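On a predicted model such as this, the values are computed, not experimentally measured, just so you know.
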Amino acid sequence: MTATTTHGASASGEPEPSAGRPAGRSPRSGFGLRGPRHGRHSVSTDQLAALALPIGDDGVVIGVGAEGRPAVLGINRPTPYDVVLIGGLWTAQVLALRTAATGARVAVETGRPQAWVQMVHAMGGGQNGLAVYEVGRVPPQGASAGTPVLVVRDCGMRPPRGRVTSGPWQSVLTLLPYLSPVAPRLVRQARLVGVQRISPDEAAELGRALSLPRRDVEALPTLADGFTLWCADRDRQYVMTQPTDAEIGLLGTPRRMD
């Protein structure tokens, strides 16, 4: 009697190889096709210490630290965040520009709008993340996780109490050109304080307010343009802000005086 076979099976009852599939290999049901096989990448235990991943904190890159690593400022936060910068307009504008580049909106409260008009024009006339208001005229910004806001207060030595304060997803950066009678109150309220070059007397006063070690008090009057000492709680870091070519074309080179 002649043995009969069904489609796809041999006389012995074993399935026949399908067209295009080598014998002895079955498809991986539910897991897709097998990919090409390569040698595994591996390192010895002694080599692990040499590995590094370019992953840092989330925020705005404000420059480089003492070890040449990027220094990042977390502007967009779900909790109120107040920053005081005792320094120059140039640094405040770089921070505003870079914050806007992250997708946040920037509202500038200033008594010198002419100093900010070039930035507004460069960013599309206030339609692309940066708007300038007179002192005391900043409207509610409607900040949210999807549209965080940075309010920059460029209101001189004695900024009045702002109508718009920090809140969830809305940070406030207050710029002081020098130490002033209102500085101690603002420094106490701030979560982060940035200090650029100041006089020896100002450095001594600020050193007491921030509990700075003597070496930092002595260094503040000697800081070069573009350098800032950032202080948060007990953490301190010197940062050099390096402008990009586009920032130099718009704002010029780093400077402490305006």
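Remark: S171 OG to L95 CG distance equals 11.5 Å, nearest 0.5 Å. Rounded to the nearest 0.5 angstrom, Q242 CD and I248 CD1 are separated by 10.0 Å. Atom CE of residue M123 and atom CH2 of residue W116 lie 10.5 Å apart, to the nearest 0.5 angstrom. The NE2 atom of H121 sits 11.5 Å away from the CG atom of L250 when rounded to the nearest 0.5 Å. The CG atom of L175 sits 8.5 Å away from the OG1 atom of T91 when rounded to the nearest 0.5 Å. To the nearest 0.5 Å, atom CZ of residue R256 and atom CG of residue D258 are 8.0 Å apart.
The only member of L223, L229, I86, L179 that meets side-chain contact (heavy atoms from CB on, under 4.5 Å) when paired with I198 is I86.
Inter-residue side-chain proximity for L85 and T228 is flagged as met; some heavy-atom pair is nearer than 4.5 Å. Side-chain contact between D216 and R236 is present, with heavy atoms from C-beta onward closer than 4.5 Å. Under the 4.5 Å side-chain criterion, counting only non-hydrogen atoms from C-beta, S199 is not in contact with L220. Contact annotation: the side chain of L176 approaches that of V84 to within less than 4.5 Å [non-hydrogen atoms, C-beta and beyond]. Side-chain atoms of R153 and L173, non-hydrogen and from C-beta on, never get closer than 4.5 Å to each other. With a 4.5 Å cut-off on side-chain heavy atoms, L251 and V94 count as touching. Using a 4.5 Å heavy-atom threshold, the side chains of F227 and V195 count as separate. Under the 4.5 Å side-chain criterion, counting only non-hydrogen atoms from C-beta, T99 is not in contact with R105.
No path of Ile, Leu, Val, Met, Phe, Trp and Tyr side chains, each step under 4.5 Å between heavy atoms, connects V64 with V72, placing them in separate hydrophobic clusters. Hydrophobic clustering of Ile, Leu, Val, Met, Phe, Trp and Tyr side chains at less than 4.5 Å, counting indirect connections, keeps I62 apart from V193. In the hydrophobic clustering of ILVMFWY residues, with side-chain heavy atoms under 4.5 Å counting as a link, L186 and L150 come out apart. Residues V217 and Y238 share a hydrophobic cluster, clusters being chains of Ile/Leu/Val/Met/Phe/Trp/Tyr side chains in contact below 4.5 Å. Under the 4.5 Å side-chain heavy-atom criterion for ILVMFWY residues, no single connected hydrophobic cluster contains both I75 and V151.
Under 4.0 Å is where a charged nitrogen must lie from a carboxylate oxygen, and between R98 and E247 at least one such pair does. Taking a cutoff of 4.0 Å between a charged side-chain nitrogen and a carboxylate oxygen, D225 and R197 qualify as a salt bridge.
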Walk me through it: do E205 and D201 pass the test side chain to side chain contact (heavy atoms under 4.5 Å, CB included)? CA-CA 6 Å; E205 181 179 349; D201 290 342; over 6 Å; no
Assess the residue pair L212 and C231 against the criterion (side chain to side chain contact (heavy atoms under 4.5 Å, CB included)); give the C-alpha distance rounded to whole Å, side-chain angles, the decisive distance to 0.1 Å, and a yes or no. CA-CA 9 Å; L212 297 178; C231 308; 4.0 Å; yes
Steps toward side chain to side chain contact (heavy atoms under 4.5 Å, CB included) verdict (V132, T110): CA-CA 7 Å; V132 175; T110 181; 3.6 Å; yes
Check step by step if side-chain hydrogen bond (donor to acceptor under 3.5 Å, both in side chains) holds for D235 and W230. CA-CA 8 Å; D235 295 329; W230 292 100; over 6 Å; no
Take R191 and V83, measure what side chain to side chain contact (heavy atoms under 4.5 Å, CB included) needs, and give me the verdict at the end. CA-CA 6 Å; R191 298 277 304 278; V83 182; over 6 Å; no
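Closest heavy-atom contact between W90 and R255: CD1-NH1, 3.2 Å. Residue G136 comes nearest to E109 through the heavy atom pair N-OE2, 2.7 Å, listed as atom of the first residue, atom of the second, then distance. Between R185 and P159 the shortest heavy-atom distance is NH2-O, 4.5 Å. Considering every non-hydrogen atom in both A232 and L192, the closest pair reads CB-CD1, 3.7 Å. Nearest heavy-atom pair, Q141 versus Y133, reported as atom, atom and distance to 0.1 Å: NE2-OH, 4.1 Å. The nearest pair of heavy atoms linking T165 to V172 is C-CG2, 3.8 Å.
No side-chain donor-acceptor contact under 3.5 Å links S180 to the backbone of R158.
Looking only at atom types and distance, the side chain of T147 has a donor-acceptor partner in the side chain of S144 under 3.5 Å away.
Applying the side chain to side chain donor-acceptor pair (under 3.5 Å) test to every pair with at least one member in residues 76-85, sequence neighbours left out, gives these pairs: D82-S166.
Every residue meeting the salt bridge (charged side-chain N to carboxylate O under 4.0 Å, His left out) condition with E67, not counting sequence neighbours, appears here in chain and number order: R69.
In this structure, R137 places its CZ atom where only 12 or fewer heavy-atom neighbours from other residues, nucleotides or ligands lie under 6.0 Å away.
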